[in-house]
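Some notes on the structure that comes next.
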Amino acid sequence: MVRRHELTDVQWQKIEPLLPGNGRPGGQWADHRKVVNGVLFRARTGVPWPDLPERYGPWQTVYERHRRWSADGTWQAVLEELQIEADAGDPDGAHSRRVSRQEWAVNIDSTSCRAHQHAAGAPRKPPADHPQKGAGCVRRQMGEALGRSRGGLTSKVHLLSDDRARPLTWKTSPGQRGDSPMFAPVLDGLRIRRRGPGRPRSRPDRVRGDKAYSSRDNRVYLRRRGIKATIAQPDDQRANRRRRGRAGGRPPAFDRAQYRRRNAIERCVNKWKQFRAVATRYDKRDYIFNGTLTVTAIVIWLRDTVQEPSEAT
């Protein structure tokens, strides 16, 4: 019987071939499905690792598997494979045809995640790199993306989503980090690989953002890459342009109908924060927190792309 927050049989069949297998003699993996369901239970409920139900096995096994796969990129590889499969079937194709506009649009925004007291106090000295089974040592940056803002100790997630409210890519930063400086780095991280040969898709046709991203540098960046901008302009920038008269130049183009579709990223954040380990950060290390973000993004993609037998009738 499939319990709440666990993968269904169809969803498990989708990701099972993407997980590492037992190849070499020696230590063998415990049951992947039981461990993955344990990781999802913790992400959904936010319980401390030692409080995991016994049906998922020893909590140390579940935590160590999550830590290893967060460090060596296994979770990220599973997410990329799901995105590749969706891209091969024309991402957003049906939705684009309904609005009679064939273009690949992405939405950018950020959300703050309050850090629990358990997330603070990570040692400044990085821990030793533990080798993955059958792999070398894992190298990772040790910035922990924790900072103080008006809400206290927080982390901020800067993300891109598509029009189906699915997360495409993201970057974490301390909570006091502004949105506009992260605009170009987040877009530079967008790389949707293709099935077979060919470069990854990295240049969307349009980017939608709120007033926080309205700056000359961001608009020049989009213009240089040939990307349409649908970014609201704050009142002070409008007033400054009018005050300068003809020297203020033309107002930037703004499509209100396109801007209304920016709600997709708000819905994406709402889906993400249904997982309590995302709404509140409990992980001390940034790479483990990113692993938690990736696991929950995998669930969002599975729920959108996998058709259950009950839905086919």
Side-chain angles (χ1 to χ4, degrees), residues 2-7 11-12 14-22 27-82 113 115-116 118-123 126-146 155 157 167 170 172 272-303:
V2 176
R3 299 174 183 268
R4 291 185 62 203
H5 321 316
E6 297 183 353
L7 295 177
Q11 292 172 345
W12 174 246
K14 195 80 168 181
I15 70 168
E16 183 180 15
L18 309 177
L19 300 176
N22 289 316
Q28 301 293 300
W29 293 111
D31 180 28
H32 278 332
R33 185 170 186 177
K34 182 169 66 174
V35 173
V36 170
N37 284 333
V39 173
L40 294 179
F41 179 89
R42 183 261 179 181
R44 186 64 175 84
T45 61
V47 299
W49 289 106
D51 294 341
L52 279 177
E54 295 182 357
R55 64 177 178 270
Y56 299 120
W59 71 265
Q60 297 92 336
T61 301
V62 181
Y63 166 75
E64 184 62 21
R65 190 80 55 86
H66 179 55
R67 190 201 67 79
R68 284 179 179 268
W69 287 358
S70 299
D72 68 5
T74 298
W75 291 130
Q76 186 63 35
V78 173
L79 177 61
E80 290 178 357
E81 190 65 28
L82 294 177
C113 302
H116 193 270
H118 293 169
D129 289 324
H130 296 283
Q132 169 74 323
K133 286 185 173 69
C137 292
V138 176
R139 304 295 177 187
R140 52 183 178 272
Q141 298 179 353
M142 294 312 301
E144 305 306 343
L146 279 173
S155 292
V157 182
W170 63 86
T172 54
W272 229 346
K273 287 199 169 182
Q274 293 296 315
F275 297 88
R276 296 188 177 186
V278 173
T280 302
R281 174 176 170 175
Y282 299 101
D283 301 307
K284 290 182 184 293
R285 297 297 184 187
D286 182 50
Y287 77 97
I288 299 181
F289 180 56
N290 270 280
T292 302
L293 292 172
T294 308
V295 169
T296 51
I298 289 171
V299 175
I300 293 174
W301 277 81
L302 284 173
R303 289 175 178 174

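In this chain, numbering begins with 1 at the start of the sequence shown.
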- Message: Evaluate I15 against L7 for side chain to side chain contact (heavy atoms under 4.5 Å, CB included), listing each step before the verdict.
- Response: CA-CA 10 Å; I15 70 168; L7 295 177; 3.5 Å; yes
- Item | Side-chain donor/acceptor of H5 to backbone N/O of A43, under 3.5 Å | no
- Message: Before we go on, tell me: are the rings of W59 and W49 under 6.0 Å apart, centre to centre?
- Response: no
- Query: side chain to side chain contact (heavy atoms under 4.5 Å, CB included) with R42: which of V295, D51, N37, L52?
  - Reply: L52
- Message: Ignoring hydrogens, what is the shortest heavy-atom contact between S155 and A145? Give both atom names and the distance.
- Response: OG-O, 2.5 Å
- Item | Residue list, side chain to side chain donor-acceptor pair (under 3.5 Å) with W301, at least two apart or on another chain | none
- Check whether any side-chain N or O of T280 sits under 3.5 Å from a backbone N or O of H116 as a donor-acceptor pair, and report yes or no. no
- Hey, does R33 have a side-chain heavy atom less than 4.5 Å from the side chain of D31? yes
- Query: Hey, mind stepping through R67 and R285 against side chain to side chain contact (heavy atoms under 4.5 Å, CB included) and telling me if it holds?
  - Reply: CA-CA 10 Å; R67 190 201 67 79; R285 297 297 184 187; over 6 Å; no
- Item | Side-chain touch L40/E6, heavy atoms, less than 4.5 angstrom | no
- Query: With a 4.5 Å heavy-atom cut-off, do F275 and T292 have their side chains touching?
  - Reply: no
- Do R281 and I288 pass the side chain to side chain contact (heavy atoms under 4.5 Å, CB included) test, and can you show the C-alpha distance, the side-chain angles, and the key distance before you say yes or no? CA-CA 10 Å; R281 174 176 170 175; I288 299 181; over 6 Å; no
- Message: For a 4.5 angstrom cut-off between non-hydrogen side-chain atoms, does T296 reach I300?
- Response: no
- Message: Testing the basics here: between G291 and S70, what is the closest heavy-atom pair and its distance to 0.1 Å?
- Response: CA-OG, 3.3 Å
- Query: Is the backbone of G38 close enough, under 3.5 Å, to the side chain of R55 for a donor and an acceptor to pair up by distance?
  - Reply: no
- Task: Evaluate the ring planes of W170 and W272, with Trp represented by its six-membered ring, and classify them as parallel (under 30°), tilted (30 to 60°) or perpendicular (over 60°).
- Result: perpendicular
- Message: Is any side-chain heavy atom of R276 closer than 4.5 Å to one of T45?
- Response: no
- Note, L293 side chain near T172 side chain (heavy atom, < 4.5 Å): yes
- Message: In this structure, is the centre-to-centre distance between the rings of H118 and Y282 below 6.0 Å?
- Response: no
- Query: Can you name the closest pair of heavy atoms from W12 and L19 and give their distance?
  - Reply: CH2-CD1, 3.6 Å
- Query: Looking at F289 and C113, what are the two nearest heavy atoms and their distance?
  - Reply: CZ-SG, 4.1 Å
- Task: I would like to know whether W69 and T294 meet side chain to side chain contact (heavy atoms under 4.5 Å, CB included); could you show each step before the answer?
- Result: CA-CA 10 Å; W69 287 358; T294 308; over 6 Å; no
- Do W75 and V36 have side-chain heavy atoms sitting under 4.5 Å apart? yes
- Within-4.5 Å side-chain heavy-atom neighbours: N290 and Q76: no
- Query: Just by modelled atom types, is the A120 backbone N or O under 3.5 Å from a matching donor or acceptor in the K284 side chain?
  - Reply: yes
- Message: If I take atom CD1 from residue I298 and atom NZ from residue K14, how far apart are they, to the nearest 0.5 angstrom?
- Response: 13.5 Å
